Amino acid sequence: MEPTEIREDGLLLRPWRADDADDVYRACQDPDIQRWTTVPRPYLAEHAHGFVTDFTAGVWREDSGAPFAVCDATTGELLGSCGLVALDTRLGSGEVGYWTAPWARGRGVTARATRAVARWAFDTLKLRRLIWQAEVGNHASRLVALRAGFRIDGRLRLADPSPGGRPEGWIGSLLPGEVPAPGEPGPAAPGTLEARRAAVFGRPQPVLFATAGATELRLRPMEERDLDAIVQTCRDPETIRWTTVPDPYERADAESYLEFVRGAWAAGTSACYVFTDPDDRYAGSIDLRLSPTDPLLADIGFMALPAARGRGFTPAALAALGAWGFTTLGLARIEWRANVGNTASRRAAEKAGFTVEGTARGGLTHRGQRVDVWTGALLPGDLA
C-alpha cells in the first residue's frame with residue numbers, strides 16, 4: 001500500500017518522516033503515553049528513530065496498517081499519532097490506534113484525526129468495520145472513540161496486559177456511515193455527562209470529608225490496610241444477618257472485594273469509599289453504584305465496623321457521598337434498600353436525608369429466599 005496524506009478539519013495526516021524523531025521522543029516521555037500505550041519503557045531516542053523510519057515504512061509496505069503523523073495543517077506542528085494499527089483486507093476490518101502529544105491535548109485533535117482516518121478507511125480502502133480497544137480505565141481514549149462515532153460494545157480479557165495494568169479491555173466498533181461529519185460535536189462532546197464522568201473516573205479517586213458532630217471523617221479509597229477490619233465487619237452477626245456477604249467470610253474474600261472496587265472505579269461503574277475515624281482507621285464502607293440503564297440514577301449500600309456504630313459516622317458519610325454524587329457525577333436520584341427489619345440501616349439512611357418511600361414485597365433475594373425490602377431515595381434538594 002502506498003503511503004498517503006489526509007487533510008481534514010484543520011489537520012494534516014501524513015506518513016512519518018525521519019525528522020519527526022525528536023518530537024516523538026519528547027512526546028513519548030509523557031507518563032500517560034507510557035501508561036496506556038505499548039511504547040517501550042523506558043522510551044529511548046533510538047526507539048523514536050526506529051519508529052519513524054524502519055517500523056512505519058514496513059507497515060505501509062506490508063499492508064499491515066496505516067500509520068500517520070498528525071500535524072497542524074497550517075503550521076505543520078506534530079500533534080500526535082493516529083492510524084490503523086492492524087489491517088485485515090480479506091475481512092475488510094482494521095483497528096485504530098492513537099496517542100496525543102502532551103502539548104496538543106484539550107483541542108479535540110485526536111477525535112478529529114480518528115474521524116479522518118475512519119472516513120479514509122471506509123471510502124478509500126473500502127473497509128467494512130473498524131474496531132477500537134483500550135485498557136479499562138483509559139477514559140481519555142474511550143472519549144476519543146465515542147467522539148469519533150465508535151459504539152462501545154463491551155469488555156474482553158487482554159492477551160497482553162500492560163505491566164501493572166488491568167487485565168480487561170474495552171472494545172468498540174464503527175461501521176461505514178457512522179462517522180460524524182467534520183465540525184459536528186458528536187457523542188460525548190465536552191460538557192456532556194459522559195465527558196464529565198470520564199474526567200472524574202479517569203483520575204485517582206479523590207478524598208472526601210464529612211462531619212459527625214465534632215468529629216471530622218475522611219472518605220478515601222479502600223486500601224490493603226483496611227482488609228483486616230473489613231473481615232471483622234463481615235464476620236459480625238448483624239452484617240451477616242442483613243447483607244449478602246459470604247459466610248464464612250475469609251481474608252481472600254476481602255482481597256477480592258478490594259480488587260472489585262478498584263476495577264469498578266477504573267470502569268466508571270461505581271465509587272466505593274471507606275470512611276475512617278479521626279485516626280484514619282477503617283470505620284465502614286459505602287458503595288455508590290451507577291445504574292447501567294439510567295445515567296442519572298445510582299443506588300447505595302453500606303456497612304459499619306461494629307465498634308463504629310451509633311456514633312453518627314454512617315449518616316455523615318452517606319450525606320457526603322450523596323452530595324458528591326449529585327454535584328460531581330450529575331446524579332438526579334440515589335436509591336437505598338434494606339431488608340424489612342433492618343432498623344439500623346433505615347435510621348442511618350433517614351438521618352442522611354433519605355425518604356423511605358415504601359415496601360417492595362419480595363423485592364430482593366437474600367440468602368436463597370425472596371424477602372420484603374424497604375425502599376427509599378435521596379434527591380439533590382434533600383441535602384439542602
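Atom set for the values below is all heavy atoms of this structure, side chains included, hydrogens, waters and symmetry mates excluded. Computed from a predicted model, the values in this text were never measured in an experiment.
With hydrogens and angles left out, the side-chain atoms of Thr110 and Thr100 include a donor and acceptor closer than 3.5 Å. If you check the side chains of Thr276 and Arg218, you find no donor sitting under 3.5 Å from an acceptor. Judged by distance alone, the side chains of Ser141 and Trp132 do bring a donor and an acceptor atom under 3.5 Å apart. For the residue pair Thr359 / Asp372, no side-chain donor-acceptor distance below 3.5 Å is found, with atom types taken as modelled.
For the salt bridge (charged side-chain N to carboxylate O under 4.0 Å, His left out) condition, the pairs that include at least one residue of residues 300-329, sequence neighbours left out, are Asp236-Arg309.
Ion pair Asp280/Arg220 flagged as a salt bridge, since at least one NZ, NE, NH1 or NH2 atom sits closer than 4.0 Å to an Asp/Glu carboxylate oxygen. Between Arg166 and Glu259, at least one side-chain nitrogen of the basic residue sits less than 4.0 Å from a carboxylate oxygen of the acidic one, meeting the salt-bridge criterion. Between Asp9 and Arg119 there is no salt bridge, since none of the side-chain N atoms of the basic residue sits less than 4.0 Å from a carboxylate O of the acidic one. Using a cut-off of 4.0 Å between Lys/Arg side-chain N and Asp/Glu carboxylate O, Glu135 and Arg142 are scored as not salt-bridged. With respect to Arg35 and Asp32, no salt bridge is recorded, no charged nitrogen being found less than 4.0 Å from a carboxylate O. By the 4.0 Å N-to-carboxylate-O rule, Arg235 lies too far from Asp253 to be salt-bridged with it.
Looking only at side-chain heavy atoms (C-beta outward), Phe302 and Pro315 stay at 4.5 Å or farther from each other. Using a 4.5 Å cut-off on side-chain heavy atoms (C-beta onward), Trp336 and Val373 make no contact.
Atom CG of Asp22 is surrounded by 12 or fewer heavy atoms from other residues, nucleotides or ligands within 6.0 Å. Within 6.0 Å of atom CZ in Arg157, 12 or fewer heavy atoms from other residues, nucleotides or ligands are found, so the atom counts as exposed in its surroundings. Remark: His49 NE2 is loosely packed, at most 12 non-hydrogen atoms of other residues, nucleotides or ligands lying under 6.0 Å away. For Arg151, the CZ atom sits in a loose shell: 12 or fewer heavy atoms of surrounding residues, nucleotides or ligands are nearer than 6.0 Å.
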Is there a side chain to side chain contact (heavy atoms under 4.5 Å, CB included) between Glu335 and Ser291? Walk through the geometry before answering. CA-CA 10 Å; Glu335 296 183 342; Ser291 168; over 6 Å; no
Step-by-step side chain to side chain contact (heavy atoms under 4.5 Å, CB included) determination, Thr314 to Lys351: CA-CA 9 Å; Thr314 303; Lys351 288 178 180 178; over 6 Å; no
For the pair Leu378 and Phe326, evaluate side chain to side chain contact (heavy atoms under 4.5 Å, CB included) and give the outcome as yes or no after the intermediate values. CA-CA 10 Å; Leu378 184 72; Phe326 294 134; 3.9 Å; yes
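Note: Trp324 and Phe209 fail the aromatic proximity criterion, with ring centroids not under 6.0 Å apart.
Not a single donor-acceptor pair under 3.5 Å links the side chain of Arg115 to the backbone N or O of Pro182. Judged by distance alone, with hydrogens and angles left aside, the side-chain atoms of Arg346 form no donor-acceptor pair with the main-chain N or O of Asn342 at under 3.5 Å. A side-chain donor-acceptor contact under 3.5 Å links Gln34 to the backbone of Cys28.
Closest non-hydrogen pair, Glu357 versus Ala377, comes out as OE2-CB, 3.6 Å.
Ring-plane geometry between Phe51 and Phe55 is classed as parallel, the angle between the planes falling under 30 degrees on a 0 to 90 degree scale with a further cut at 60.
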